S.K.: 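Take a look at the following structure, please.
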Amino acid sequence: MAFDFELPIIELEEKVEELKKYATKNKIDLSKEITFLEKKIDVKRTEIYSNLTPWQQVEIARFIERPTTLEYIDAIFDDFTEFFGDRYYGDDKAIVGGIASFNGQPVTVIGHQRGMSTKENIERNFGMPHPEGYRKALRLMKQAEKFNRPIICFIDTKGAYPGKEAEERGQSEAIAKNLVDMAGLSVPIISIVIGEGGSGGALALGVCDKLYMLENSTYSVISPEGAASILFKDGSLKEIAAESLKITGQDLYDLEIADGLIKEPLGGAHHDKPFVFNETKAIIEQGLKELAKIKKEDLVDARFDKYMKIGDFVE
Amino acid sequence: MVIDLFYKLNRKRTKLDKKGIDTGDKPIMTKCPSCKKMLYTKELEKSVYVCPNCDYHFPVTSQERMKVLFDEGTEIRLFDTITSRNPLDFPNYMSKLEKDKEIADLNEAVRVGHGKIDGVDVVIATMDTRIRMGSMGSAVGEILARAFNYATEKKLPVIVFTASGGARMQEGILSLMQMAKVSVAIERHSNAGLLYIAYMTHPTTGGVSASFASVGDINLAEKGALIGFAGRRVIEETIREKLPDDFQTAEFLLEHGQLDRVVNRKEMRITLSNILKLHCNGVKVDGV
Ligand SMILES: [Zn+2]
């Protein structure tokens with residue numbers, strides 16, 4: 001599967017394949033031509049992938065083959081033991097969580113979980129949580145606080161699920177309570193946007209001491225499609241909306257919302273997952289080290305100061 | 001219908017003096033859009049814009065609401081010079097905002113005052129939908145966070161009347177982050193053992209519903225108010241089914257255990273006064 005903007009690369013790749021077949025079949029040496037074309041592919045690839053538009057990054061961030069929370073957990077942590085349920089209503093498979101070891105240190109890991117196939121996506125409600133998902137997350141965070149474990153959250157959701165039962169069971173309250181209670185947790189919290197960070201449903205795992213984003217991940221108050229139809233009254237203007245809203249990792253870093261960016265291979269994380277896991281592990285290490293310097297009793301104050309600074313207004 | 005419109009137009013012209021006292025002229029009669037009865041505007045004002053005939057709750061401005069809440073002459077306005085910028089250079093944002101500001105005679109979609117209700121000191125923040133649908137951008141977030149911080153410092157209870165379409169999209173991620181910012185201020189206020197009453201009014205939706213509106217020590221809602229996270233149309237499109245008429249009303253939320261009480265606006269002041277008294281100086285502690 002390829003994105004539209006990758007078509008020029010694919011066309012060239014197909015040409016190379018054709019040449020190779022032709023050369024073998026007719027027993028002639030086309031290696032010069034092939035090398036030339038392969039170089040051209042490299043140039044084209046760099047050109048396209050280094051100049052991704054915000055909308056193209058949205059497409060990459062949502063890509064089904066992009067690594068998901070459980071893959072990060074599996075690659076970066078040891079002895080992950082998943083825990084289920086919110087103790088009130090049920091278990092929401094759109095959010096996973098549990099305890100694990102990070103370089104030998106016990107931590108609590110929580111994240112939105114998309115499916116890696118259409119079938120799994122249906123089971124996991126496309127990573128769009130119900131209130132019980134947020135309540136499970138909060139339960140695990142409180143558990144982490146009791147046992148003095150840092151919390152690592154992976155953000156990857158279109159948003160909280162807009163459904164009838166979600167409203168009846170208090171979607172607003174579930175998200176709101178996470179925001180307030182995360183503000184007061186006495187253990188370090190690191191949140192990492194790995195795919196799409198969709199509005200309040202993302203923020204409910206995102207009140208933290210360090211916010212990191214993958215280069216091609218996005219974090220936005222509304223989807224570009226939603227913004228296009230509401231603000232521009234034209235859903236087809238999603239590409240312009242994606243640009244105007246300033247939603248990419250680099251945008252958030254420039255706005256001083258994200259504390260660090262995680263490098264991705266050319267074309268996106270799915271092209272080299274081990275590379276991305278390594279980069280992510282490195283930044284978690286660095287973050288935990290920096291946060292370990294803050295005294296436990298000062299951590300909540302530091303978080304308070306971090307959020308008080310966010311905003312742009314005149315007085 | 002015509003009279004209704006006339007009333008609205010007239011309200012736009014209404015100007016307030018420095019103390020927030022209404023100096024404009026209003027039509028003598030106002031028609032209730034629900035029961036169609038002609039009502040004396042003066043009488044309507046006295047009943048805080050609740051129809052004496054059918055109990056319909058007219059929309060009220062933040063000024064009108066604050067006027068009936070505080071004991072006369074006790075209100076100190078706070079943070080009223082803070083207003084929005086255009087951090088993402090969003091087209092037409094500032095011009096639209098300026099128009100709204102003029103109509104509402106406010107600098108932002110929330111108005112804060114420190115005053116007394118029946119002698120009890122309290123900080124009240126009231127959102128106003130006339131400014132960008134009451135949406136929350138950096139300025140609204142800053143004003144609310146400061147209101148909580150002010151109350152924390154002075155050991156005061158806070159009441160927030162929410163009325164909002166949600167986050168202010170024109171400010172992108174900065175508006176989303178205001179949900180966290182206000183929450184962090186609420187946490188500190190709560191941790192100091194202070195009372196926060198969230199009072200949801202029509203409409204309270206999106207990011208405002210999913211943050212400070214839903215985390216009061218006591219969550220109240222005004223009769224008939226629309227309250228919800230996702231918009232009705234979005235939900236109907238997602239689940240491909242029609243929602244019941246009362247979906248996301250204050251009464252619906254009460255039925256589903258999401259609210260402490262639904263309050264008729266006529267009982268707004270007495271309800272708040274009672275709660276405040278039971279939390280603050282009405283209950284004698286330490287032999288005071
Ligand atoms: Zn009536």
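On a predicted model such as this, the values are computed, not experimentally measured, just so you know. Throughout, a chain's letter reflects where its sequence line sits, starting with A, and its residues are numbered from 1. The figures that follow rest on heavy atoms only: side chains count, while hydrogens, waters and symmetry mates do not.
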S.K.: State plainly whether the residues A/Glu225 and A/Arg62 are in salt-bridge range, i.e. N to O under 4.0 Å.
M.R.: yes
S.K.: Of the backbone (N, CA, C, O) and the side chain (C-beta and beyond), which part of B/Glu236 lies under 4.5 Å from a heavy atom of chain A, both, or neither?
M.R.: neither
S.K.: Centroid separation under 6.0 Å, is that true for the rings of B/Tyr196 and B/His189?
M.R.: no
S.K.: Which answer fits A/Ile310, side chain, backbone, both or neither, if we ask what part of it has an atom under 4.5 Å from a heavy atom of chain B?
M.R.: both
S.K.: Name the region of A/Leu179, side chain, backbone, both or neither, that has any atom closer than 4.5 Å to a heavy atom of chain B.
M.R.: both
S.K.: Using non-hydrogen atoms only, which part of A/Val207 is less than 4.5 Å away from chain B: side chain, backbone, both, or neither?
M.R.: side chain
S.K.: Please determine, by modelled atom types, if B/Ser62 and B/Asp128 share a side-chain donor-acceptor pair under 3.5 angstrom.
M.R.: yes
S.K.: With a 3.5 Å cut-off and no angle check, do the side chains of B/Asn149 and B/Glu153 form a donor-acceptor pair?
M.R.: no
S.K.: Is B/Gln248 in contact with chain A via its backbone, its side chain, both, or neither, using a 4.5 Å heavy-atom distance?
M.R.: side chain
S.K.: Quick check on B/Arg168 against chain A: is it the side chain, the backbone, both or neither that has a heavy atom closer than 4.5 Å?
M.R.: neither
S.K.: At a heavy-atom separation under 4.5 Å, does A/Ser199 approach chain B through its side chain, its backbone, both, or neither?
M.R.: both
S.K.: Please flag which part of A/Leu245 lies under 4.5 Å from any non-hydrogen atom of chain B: side chain, backbone, both or neither.
M.R.: both
S.K.: Regarding A/Thr248 and A/Asp251, do their side chains bring together a donor and an acceptor under 3.5 Å, going by distance alone?
M.R.: yes
S.K.: Relative to chain B, which segment of A/Asn178 carries a heavy atom at a distance below 4.5 Å: side chain, backbone, both, or neither?
M.R.: neither
S.K.: Would you please say whether a donor-acceptor pair under 3.5 Å links the side chains of A/Arg169 and A/Tyr89?
M.R.: yes
S.K.: Please state whether the side chain, the backbone, both or neither of A/Ala160 comes within less than 4.5 Å of a heavy atom of chain B.
M.R.: both
S.K.: Chain A: which of B/Leu176, B/Ile82, B/Leu88, B/Thr81 shares the most heavy-atom pairs with it under 4.5 Å?
M.R.: B/Leu176
S.K.: So, A/Ser186 versus A/Glu145: side-chain donor-acceptor pair below 3.5 Å or not?
M.R.: yes
S.K.: Pick one of side chain, backbone, both or neither for B/Phe247, based on which atoms fall under 4.5 Å of a heavy atom in chain A.
M.R.: side chain
S.K.: Are the charged groups of B/Lys101 and B/Glu98 less than 4.0 angstrom apart, N to O?
M.R.: yes
S.K.: Of the listed residues (A/Lys164, A/Lys246, A/Glu173, A/Gln171), which shares the most heavy-atom pairs with chain B below a 4.5 Å separation?
M.R.: A/Lys164
S.K.: Side chain, backbone, both or neither: which part of B/Ala185 has an atom under 4.5 Å from a heavy atom of chain A?
M.R.: both
S.K.: Distance alone, cut at 3.5 Å: any donor-acceptor contact between the side chains of B/Arg132 and B/Ser84?
M.R.: no
